[in-house]
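Got a structure here, written out as structure tokens. Questions coming.
When a ligand or atom number is given, it counts from 1 through the structure's own listing order. These numbers come from a predicted model, not from an experiment.
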Amino acid sequence: MYNEKVMDHFMNPRNVGEIEDAEAIGEVGNPRCGDIMRMYLKIDNNDVITDVKFKTYGCGSAIATSSMATEMIKGKTVKEALKLTNMAVVEALDGLPPAKVHCSVLAERAVKAAIYNYAKARNLMYEELEGFDPNDGHDHHHDHEEE
Ligand code: FES
């Protein structure tokens, strides 16, 4: 069901762990399955992401996409990292089974959530984050918590 690249990132995920003095930490959950993901970023004075680590309680697809996502944003600027879409990660993995594509959203949102917290703490604005709500696990917009 999974291709070789996905299996490789699932069996040997890159950048697993935490960063104690991270500038940015984000945690998101997938409301469909209850899986959670935490992302840690080291960001230098030039807005460059110098290190990335992640931890997840998630399925194989969530692990593989996070692993790939961390590889894709390392060395990039914050703005570049905000442009990373889950579909770009899926493509870099040569595809996921259709039923598992939604799992890849967790990685994209974890990166965004980390940068969201980073921006908030420093009073920074990134237009790419407009409308992003780290607590909203759904695709549509809603103003209230689910019951
Ligand atoms: Fe939960 Fe894949 S089943 S993220």
### Task
Using a strict 4.0 Å cut-off to heavy atoms of C59, name the atoms of ligand 1 that fall inside it.
2 (Fe), 3 (S), 4 (S)

### Query
Going by the order shown, which atoms of ligand 1 are within less than 4.0 Å of some heavy atom of C33?
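With C33 as reference, the close atoms of ligand 1 come out as 1 (Fe), 3 (S), 4 (S).
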
## Note on the structure
Rounded to the nearest 0.5 angstrom, the NZ-NZ distance for K42 and K53 is 11.5 Å

### Query
When you look at L41 and M39, which way does the side chain to side chain contact (heavy atoms under 4.5 Å, CB included) test go after all the steps?
CA-CA 7 Å; L41 308 178; M39 190 71 74; 4.2 Å; yes

### Task
Enumerate the atoms of ligand 1 whose separation from the nearest heavy atom of N30 is less than 4.0 angstrom.
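With N30 as reference, the close atoms of ligand 1 come out as 4 (S).
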
### Query
Could you state the interatomic distance from CG (D51) to CG (D21), rounded to the nearest 0.5 Å?
9.5 Å

### Message
Check whether N3 reaches the backbone of G95 with its side chain - one donor and one acceptor, N or O, closer than 3.5 Å.
### Response
yes

### Query
Okay, side chain of N30, backbone of G34: is any donor-acceptor separation there less than 3.5 Å?
no

### Task
Show which atoms of ligand 1 fall inside a sub-4.0 Å distance from at least one heavy-atom site of D35.
1 (Fe), 2 (Fe), 3 (S), 4 (S)

### Query
Which atoms from ligand 1 have a heavy atom of K100 less than 4.0 Å away?
2 (Fe), 3 (S)

### Message
Yes or no: does R32 have any heavy atom under 4.0 Å from an atom of ligand 1?
### Response
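Flag not set, R32 not near ligand 1.
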
